[in-house]
Amino acid sequence: MTITPTDLGSAADVRSVLGDLSGVDQVGLEARAAALSTRSIKKDAKRTAIDLAISMVDLTTLEGADTPGKVRSLAAKALRPDPSDPTCPQVAAVCVYPDLVGTAREALGDAPIGVASVATAFPSGRAPLEVKVTDTEYAVAAGASEIDMVIDRGAFLAGDLLKVYEEIVAVRAACERGDGSHAHLKVILETGELATYDNVRKASWLAMLAGADFIKTSTGKVSPAATLPVTLLMLEAVRDYRDAFGRQVGVKPAGGIRTTKDAIKYLVTVNETAGLDWMTPTWFRFGASSLLNDLLMQRQKLETGRYSGPDYVTID
């Protein structure tokens, strides 16, 4: 069975579905994440893991000082992460503010790299729904293939789940294009502000029921951002959601993932929790900027036996 937005029309309906969720065993969740983080992989597997991680990166710049020139440079890096090695995979997407979507789309040309745009009053999510919808429509019209929206955490924490649900449904509708296709919607939960694992599970299911294509941990503007236990919990949620309702949803940890070692821990967690179906850029992403450089340096080390250092990769 697949639930559609029209199936849940009242606060009671939403609470009924979410009320069936079990509480999270904090000790068990954190112990499981800690155990997964100790897994090691052999050299050949590490090479494969690095290339997979590169292909999963949403190369991101979300600063007030962003310029068209910076976005064009980022797009060039997305196209050729390692200019000295044409076998290096391209990244999954470039993520920018809505006003720079057109610049990114033009710079990437016809390359199979997504243009992701944050929207809906990122990073706070504090704006009227009309503003959020307009923000989204603008980005989609400019060429965004993916929209990263933020939920209203204040409404969620106040228990106004129907408001959060209806906003996600409205933004999902704003992602629609005239030809019947739609920009993929990533719903940012900002897990560092949700306070409990139970809230993270509830927000994950709420976003999926409202039509999210991805659930994303964080904006990268709040600490803590992505953590392994939270990502493990969200991976369990998408796995269980598909088992229950027949629709697959992706996961994107974002913020604080900076090293190859960290990325491999996340990939192991994906494989062990959700399974191989999620081990692809279609269903798992890293929201990152500095991570790519470390992946490139570790990749070069595997190829040459030497650690080249940060002077041999571009500064984003």
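Numbers for residues simply follow the sequence, beginning at 1.
- Between the side chain of Ser55 and the backbone N or O of Leu52, at least one donor-acceptor pair lies under 3.5 Å.
- Listed for the Asp213 side chain is a donor-acceptor partner under 3.5 Å among the backbone atoms of Leu185.
- Residues in residues 191-211 take part in these salt bridge (charged side-chain N to carboxylate O under 4.0 Å, His left out) pairs, two or more places apart or across chains: Arg153-Glu193, Arg201-Glu236.
- The side chain to side chain contact (heavy atoms under 4.5 Å, CB included) search around Ala203 returns Phe156, Leu189, Leu194, not counting sequence neighbours.
- Panel note: side chain Thr217, backbone Ala254; a donor-acceptor pair is recorded below 3.5 Å.
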(message) Does Glu137 form a side chain to side chain contact (heavy atoms under 4.5 Å, CB included) with Val133? I'd like the steps, not just the answer.
(response) CA-CA 6 Å; Glu137 290 174 340; Val133 168; 3.6 Å; yes
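- Contact check for Val230 versus Thr227: side-chain heavy atoms found under the 4.5 Å cut-off.
- Trp278 places a side-chain N or O within 3.5 Å of a backbone atom of Val249 that can act as its donor or acceptor partner.
- Residues forming a side chain to side chain donor-acceptor pair (under 3.5 Å) with Asn271 (at least two apart in sequence, or on another chain): none.
- Side chains of Asp294 and Thr259: no donor on one and acceptor on the other come within 3.5 Å.
- Using bins of under 30°, 30° to 60° and over 60° for the plane-to-plane angle, the ring pair Trp205/Phe245 lands in the perpendicular bin.
- With sequence neighbours left out, the side chain to side chain contact (heavy atoms under 4.5 Å, CB included) criterion links Pro128 to Glu130, Val131.
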(request) Starting from the C-alpha separation in whole Å, work towards a yes-or-no answer on salt bridge (charged side-chain N to carboxylate O under 4.0 Å, His left out) for Glu190 and Lys221. (result) CA-CA 9 Å; Glu190 198 65 287; Lys221 306 296 185 182; over 6 Å; no
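- Closest approach of Pro86 and Ser84 over heavy atoms only: CD-O, 3.9 Å.
- Of all non-hydrogen atoms in Val101 and Ala144, the two that sit nearest each other are CG1-N, 3.4 Å.
- Arg177 approaches Ser145 most closely through the heavy-atom pair NH2-CA, 3.6 Å.
- With hydrogens and angles ignored, the 3.5 Å screen pairs no side-chain donor or acceptor of Lys77 with any backbone N or O of Leu59.
- Salt-bridge formation is detected for the pair Arg47/Glu303: a Lys NZ or Arg NE/NH1/NH2 atom is positioned less than 4.0 Å from an Asp or Glu carboxylate oxygen.
- Here Asp58 pairs with Thr60, Ala92, Ala93, Glu146, Lys186, Lys252, Arg285 under the side chain to side chain contact (heavy atoms under 4.5 Å, CB included) rule; sequence neighbours left out.
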(request) Apply side chain to side chain contact (heavy atoms under 4.5 Å, CB included) to the pair Met297 and Lys301, showing each step before the final yes or no. (result) CA-CA 6 Å; Met297 288 187 287; Lys301 183 181 179 181; over 6 Å; no
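- No hydrogens or angles considered: a donor-acceptor pair under 3.5 Å links the side chains of Gln300 and Asp82.
- Contact detail for Ala207 and Val187: the closest heavy-atom pair is CB-CG1, 3.8 Å.
- A donor-acceptor pair under 3.5 Å is absent between the side-chain atoms of Gln90 and the main chain of Ala78, judged by distance alone.
- Side-chain contact between Met56 and Leu267 is present, with heavy atoms from C-beta onward closer than 4.5 Å.
- Annotation: side chain of Ile188 is not in contact with side chain of Ile151 (no heavy-atom distance under 4.5 Å).
- Closest heavy-atom contact between Met208 and Ile215: CG-CG2, 4.1 Å.
- Between Leu233 and Ser204, the closest side-chain pair of non-hydrogen atoms is not below 4.5 Å.
- Pairing each heavy atom of Leu100 with each of Asp66, the nearest pair is CD1-CB, 3.8 Å.
- Side chains of Thr273 and Thr231 form no contact here, defined as non-hydrogen atoms less than 4.5 Å apart.
- Of the possible donor and acceptor atoms, one in the side chain of Thr280 sits under 3.5 Å from a partner among the backbone N and O of Thr282.
- Sequence neighbours left out, the pairs with a member in residues 21-41 that pass salt bridge (charged side-chain N to carboxylate O under 4.0 Å, His left out) are Arg39-Glu272.
- Of the N and O atoms on the side chains of Arg299 and Thr87, at least one donor lies less than 3.5 Å from an acceptor on the other residue.
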